[in-house]
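Structure record follows, encoded as structure tokens.
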Amino acid sequence: MVSFDTKSYSKKLLLLISWSHWFTFFNIIAAIALSSYYVFSEDAPTTLLGQAYLVTTWVSHIAFLTFMSFVLVLFPLTLILPNTKFIRTSASIIFTLGLLLLVLDAFIYSRLGYHLNASSSEQIISLIQDIAKANVLFYFISGALAIVILGFEFIVSNYAWKHLKQLQKTVFARYVIFGLVLSFFFSHLTHIQADVNLNYDILRQDTVLPLSYPTTARTLLTKYGLFNKDDYIERKNSPLSFSQAIPKYPTIGNGVTSAINCPAIENETVKNSVFLVLNEQQVSVAQLNQFIRRATATNLYLTNNIDTGMKDDAWFNMLYSLPSLYQDDILKQGIKPLLFQRIEQQGLATSLTVISDDSATTSVTNTVDGVTEEVISEPRWFDSFFTEQVALENVSSLLFAKKLNNKPIGLHVIYFKNKQNIESNSKNKNDINNQYQFELFVDALLLAQKQKAQKDIIWISAIGNLNNKTRLNTKPALFIYPEASNDVTYEEVTFNTSTMDLQPTLLNKWLGCSLNGKNNGMDLTKLNKDRVIANTTNNGIIVFDKDKSVFIDQNGNFQSYSSQFSSPITVNADFPLMIDGVHFIKLFSQQQKP
């Protein structure tokens, strides 16, 4: 009796194992077909070897992953519970889930550039939610796909079980398996050679398939066009730059372009001004809390505001709402930012007032209403955007409510510039005086607003970084704007914000315009979710997510800073976060393609 049961058990087990091999074989074919989505999401390799590598690594890698699913899940299950109905049903469900996961991963990769991972779960969930909102058929299509794959699994399972003896006599599967094994060894040997010789056409494919070779930051930056391919091959340490020419900066024509929508000028009357109060030094939380108490309009306290620029880079980020990588090419085009284009169309005033006793500033004197002012005569690149440029040693002439409230309607920038060596970390009396002047002016400006029926829009923040040490820090800012109800409200915005958000916010809230498509900046008053924000330096990129900031240099080194603990931290290479940052940086160049 025992002998009979043993023979029955062994026979049943052998049949199930044989069936599971054929069932897995058919799933390998299905997985290879579905994973073609990965291949079509990438540009084709340019060399014959690269093309051969793509095909062989694609079919062999997907086949290997599918076979490992059998080895790790289905085979042990068959040994433990060799019940025919249970195993066939379980196998169909398991491989259905596996193929659905493969399809989802391929879809995420085509949209975000990386595979499913825990570190970018928020971005992945946000993408799926946005697609579901935009297309009401999303869930229906997803459900239909799941049913189709499950139906396919049951059909294959039933076919393999009923025709098991005929399948065991066939020989075609041997040739397919032999081809897959040959492809596996060919692709691995080819990759080893490419790794030694820095064959970029092959190495750039490292991230295409899930659970494939680890890559480097330099390979990814080259792949996304932020490093020159020749520099990669020659192992040079060149600074970041676009490998292709960037598009032309948009201009406003007749009030409407593909980049911006504005109401007709004759139907739009601007009744208030914008004051941008900028300090070269960090603005403290205590200072901002003081200003919040004096505000007479709705104010947004931006706790995670980001400004990674140095000197002129920071002004470019703010005025053009673009990462620093675009600066040289955009400035050569000689086109003003969209905000200034619209201001010119509406005939509004613009002024730049620099508060500094720095003797290095070249200027000429000018007397207005008995007050001697110094007009800047050695302009920075952005000075030409302003119809009036003034340099003052102190704010004494600006502290009168009558003068502040009588400024012509327009954009007025007040910039507090340091005199002393910016590399010094010590507090000296000039630094203290600068902060005192800054606080004095902002208090006067906010008090003057109480006398105005039509409140102005006010932005208060630091601009730029005095040294590299502060570039990974967030820098809180305050945005004050009037609402139609004239209610005074306060909101603490904990989402990532940036100085690049300022232009789109002013275009919308002040001038009634809206930017079309994807842009680096967002309207701060409509921000409702967190996002990854990035900027560039000469040697790499700085990326901010919700909890940390990361600097990735061209050699693949990751330096991280915790937002929560305000200190450096050690993390593993987070390539999905880096890719999110690259996508952010390239928004303008991709959006403006004809």
Side-chain angles (χ1 to χ4, degrees), residues 17-75 91 94-96 98-110 113-116 149 152-153 156 159-160 167-216 219-220 223 575:
I17 291 175
S18 179
W19 166 85
S20 62
H21 283 157
W22 282 102
F23 182 70
T24 303
F25 174 80
F26 289 124
N27 272 281
I28 287 175
I29 304 302
I32 290 173
L34 290 174
S35 64
S36 61
Y37 196 20
Y38 291 109
V39 179
F40 295 124
S41 298
E42 292 287 321
D43 295 332
T46 57
T47 63
L48 181 61
L49 182 61
Q51 294 166 0
Y53 173 79
L54 174 62
V55 174
T56 55
T57 194
W58 162 39
V59 297
S60 64
H61 186 72
I62 296 299
F64 175 77
L65 291 181
T66 309
F67 180 71
M68 289 306 296
S69 300
F70 159 74
V71 171
L72 297 176
V73 182
L74 186 55
F75 183 69
I94 290 169
F95 276 98
T96 296
L99 292 180
L100 285 173
L101 192 64
L102 183 69
V103 172
L104 176 61
D105 185 76
F107 178 75
I108 294 298
Y109 179 79
S110 67
Y114 49 80
H115 302 283
L116 294 171
I149 293 177
F152 165 80
E153 295 295 340
V156 169
Y159 176 83
L167 290 171
Q168 287 174 336
K169 294 177 182 179
T170 59
V171 294
F172 76 92
R174 299 176 186 176
Y175 297 107
V176 175
I177 299 300
F178 178 77
L180 292 175
V181 172
L182 190 64
S183 297
F184 181 83
F185 283 104
F186 173 82
S187 62
H188 279 266
L189 291 174
T190 303
H191 189 275
I192 292 172
Q193 184 186 30
D195 200 28
V196 172
N197 298 322
L198 282 181
N199 187 333
Y200 172 72
D201 203 37
I202 291 174
L203 295 181
R204 73 182 181 90
Q205 301 177 41
D206 284 353
T207 58
V208 175
L209 300 174
L211 302 176
S212 56
Y213 294 101
T215 189
T216 64
T219 302
L220 283 173
K223 177 179 178 179
F575 290 118

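These numbers were taken from a predicted model, which means no experiment stands behind them. Only this structure's heavy atoms are used, side chains among them; waters, hydrogens and symmetry mates stay out.
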Kindly determine whether W58 and S183 satisfy side-chain contact (heavy atoms from CB on, under 4.5 Å), including the steps that lead there. CA-CA 9 Å; W58 162 39; S183 297; over 6 Å; no
Using the side-chain contact (heavy atoms from CB on, under 4.5 Å) rule, take Y53 and N199 through it: C-alpha gap first, then chi angles, then the decisive distance, then the call. CA-CA 12 Å; Y53 173 79; N199 187 333; over 6 Å; no
Passes side-chain contact (heavy atoms from CB on, under 4.5 Å), V208 versus V39? Steps please. CA-CA 7 Å; V208 175; V39 179; 5.5 Å; no
After noting the C-alpha distance and the side-chain angles of H191 and L203, does the key distance pass the side-chain contact (heavy atoms from CB on, under 4.5 Å) rule? CA-CA 7 Å; H191 189 275; L203 295 181; 3.8 Å; yes
So H188 and F184, ring pair (Phe, Tyr, Trp, His ring centres under 6.0 Å) or not? Walk me through it. CA-CA 6 Å; H188 279 266; F184 181 83; 4.3 Å; yes
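Surrounding CZ of F107 are more than 12 heavy atoms belonging to other residues, nucleotides or ligands, all under 6.0 Å away. Within a 6.0 Å sphere centred on CZ of F186, heavy atoms belonging to other residues, nucleotides or ligands number more than 12. Residue-environment remark: CZ (F172) exceeds the threshold of 12 foreign heavy atoms within 6.0 Å.
Note that the OG1 atom of T66 and the CZ atom of F64 stand 10.5 Å from one another [nearest 0.5 Å]. Of the inter-residue distances, the one linking F95 atom CZ with F152 atom CZ reads 10.5 Å to the nearest 0.5 angstrom. Taken from OG in S187 to NE2 in H61, the straight-line distance is 9.5 Å, to the nearest 0.5 Å. The distance from the CZ atom of F70 to the CD1 atom of I17 is 7.0 Å, given to the nearest 0.5 Å. Of the inter-residue distances, the one linking I94 atom CD1 with E153 atom CD reads 10.5 Å to the nearest 0.5 angstrom. Rounding to the nearest 0.5 Å gives a distance of 10.0 Å between CD1 of I28 and CG of L65.
The shortest heavy-atom contact between F67 and T24 is CA-CG2, 4.2 Å. In terms of heavy-atom proximity, A52 sits nearest to T56 at O-OG1, 2.8 Å. In terms of heavy-atom proximity, S20 sits nearest to L74 at CB-CD2, 3.9 Å. Nearest heavy-atom pair, W22 versus L167, reported as atom, atom and distance to 0.1 Å: CZ2-O, 2.8 Å. Of all the heavy atoms in R204 and A44, the pair that sits closest is NH2-O, 3.2 Å. When all heavy atoms of I32 and I62 are compared, the pair lying nearest together is N-CG2, 3.8 Å.
Classified by interplanar angle (parallel below 30°, tilted 30° to 60°, perpendicular above 60°), the ring pair F23/W19 is parallel.
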Enumerate, atom names and distances included, each donor-acceptor pair closer than 3.5 Å involving a side-chain atom of residues 99-106, sequence neighbours excluded.
unit_1: D105; atom_1: OD1; unit_2: L116; atom_2: N; d: 2.8
unit_1: D105; atom_1: OD2; unit_2: Y38; atom_2: OH; d: 2.5
unit_1: D105; atom_1: OD2; unit_2: H115; atom_2: ND1; d: 2.7

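Checking side-chain atoms of Q205 against main-chain N and O of D201 turns up a donor-acceptor pair under 3.5 Å.
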